[in-house]
Amino acid sequence: MEHSIALVTGTTSGLGYAAAHLLAGEGWREILVTGRSLARVQETAAKLASETERQVFTPLELELDTPSSVQSALAALVKRGRPIDFLLLNAGLVPFKKRALTEAGVEASQAPLIGHHQLTVGLLRANLLSPNARIVIAGAEPARGGVPLFRYTDVPAFAANYFQGDRTAAVEALIRNGPNVKYVPNNAYADAKLIVAWWVAALARRLPSGMGVYAVSPGGATATKVVRSAGWALRNLFIPIVNLIPGMNQTPETAARRYLQASEFGTDVSGQFFASKLGKFSGPIEAQLQPHLHDRASQEAAWQAVVNVSGVDLSEGAPVTARPSR
Ligand SMILES: NC(=O)c1ccc[n+]([C@@H]2O[C@H](COP(=O)([O-])OP(=O)(O)OC[C@H]3O[C@@H](n4cnc5c(N)ncnc54)[C@H](OP(=O)(O)O)[C@@H]3O)[C@@H](O)[C@H]2O)c1
């Protein structure tokens, strides 16, 4: 992949900031950095430029909860007309103690995927991803299970119990946190990252052959602001206890480096979810093999649910073909 233009979402703090910093250090020619408000992301771009001593950061306003903001960002990217080599869909959050929905009726921790889907499909339709582009989206270990206090939903069983076996309707209910969904913040987060992993697998089947997409858990990096909205037990019990165990936490830079590592992966592993070894939140990443992650019916149901909620699909409009090299 050419180290030319990268776009990183959610750069106003944490891992997005660290990733943008690392990309500059690796010689990327331009890094589009996004944030919910132009003023804040302009500040971020200026800070990054001063810390790295490189004038390569372009601020872009992008509020993923708001479809019109995604459309405006896309319009600005279309106007520029320069294809992106590395699309890093990092923005995300651990959900609030009290259930929060966006104006479009999407649960807050699910909303970044809906905005990221609108952005990615928009870029593909506009031929604004380079032929060998890499797309990386933030996943998290709870999607594979086995993380205390977090439990993902058994979607086939949930669909059978409440939606006559219709998994698309079941995933859509998780994205909207209803009907038939009891709000448990940590479980909503596990479901959001599970749906991310399934979306990646389904997107990989739809991408032009030179492109690759990966879900990557950055692992534990509690020095970011990720749990700012989380409940008391997670902030004051789970994380401090986990941090006492050697090898369960890492710096934001080390965590963000995983994204860059995945951007060099081949298309042979496109569509997979990479995370820490079982029982760990740091160290090397590996492809996750849990059967529920590889269930094709659930992957396709997740894709269709995201399409339904976002109102955007790849099959509409211009066919997706790889753009000729510049
Ligand atoms: N840190 C960890 O231990 C850990 C572990 C596994 C996975 N992750 C994942 O890593 C990613 C980055 O997290 P972090 O630790 O860097 O957290 P962070 O410090 O809270 O940064 C998150 C960034 O995403 C932005 N963001 C969130 N929702 C957004 C939305 N709807 N629209 C636009 N921007 C939005 C935030 O902007 P605002 O400041 O404006 O809200 C912020 O810039 C997340 O997807 C998270 O789930 C983190």
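Read the numbers this way: they start at 1 and go in the same order the structure lists the ligands and their atoms. Just the heavy atoms: all of them, side chains too, but no hydrogens, waters or symmetry mates, feed the values below.
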Which residues share a salt bridge (Lys or Arg N to Asp or Glu O under 4.0 Å) with Arg54, sequence neighbours left out: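 Salt bridge (Lys or Arg N to Asp or Glu O under 4.0 Å) list for Arg54, sorted by chain: empty.
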Under-4.0 Å salt bridge between Arg80 and Glu30: yes
Is the closest basic N to carboxylate O distance between Arg167 and Asp295 below 4.0 Å? yes
Atoms of ligand 1, numbered as shown, that sit under 4.0 Å from any heavy atom of [X]:
X	value
Lys225	18 (P), 19 (O), 20 (O)
Tyr259	10 (O), 11 (C)
Leu62	33 (C)
Gly139	6 (C), 7 (C)
Ala140	6 (C), 7 (C)
Arg40	38 (P), 39 (O), 40 (O)
Gly14	16 (O), 19 (O)

Ser276-Glu141 side chain donor-acceptor pair, cut-off 3.5 Å: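 Side-chain D/A pair, Ser276 to Glu141: present.
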Ignoring hydrogens and geometry beyond distance, is a side-chain donor-acceptor pair present between Gln272 and Ser270 at under 3.5 Å?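 No.
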Can a non-hydrogen atom of [X] be found less than 4.0 Å from any atom of ligand 1?
X	answer
Lys193	yes
Tyr189	yes
Gly220	yes

For the aromatic rings, using the six-membered ring if either is Trp, is the centroid distance between Phe273 and Tyr214 under 6.0 Å? no
With a 6.0 Å cut-off on the ring centroids, do Trp303 and His117 count as close? yes
Out of Ala221, Gly219, Pro142, who gets a non-hydrogen atom closest to atom 5 (C) of ligand 1?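 Looking at heavy atoms only, Gly219 sits closest to atom 5 (C) of ligand 1.
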Determine whether the side chain, the backbone, both or neither of Ala255 has a heavy atom under 4.0 Å from any heavy atom of ligand 1.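 Looking at Ala255 and ligand 1, no heavy atom falls under 4.0 Å.
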Tell me which part of Ser13 gets within contact of ligand 1: side chain, backbone, both or neither, using heavy atoms under 4.0 Å. both
Heteroatom proximity flag, Pro112 to ligand 1, N/O under 3.5 Å: no
Listed partners of Tyr259 passing ring pair (Phe, Tyr, Trp, His ring centres under 6.0 Å), at least two apart: none
For the CG atom of Leu203 and the CG atom of Leu314, what is their distance to the nearest 0.5 Å? 7.0 Å
Which protein non-hydrogen atom lies closest to atom 30 (C) of ligand 1, naming both residue and atom, and how far is it? Arg36 NH1, 3.4 Å
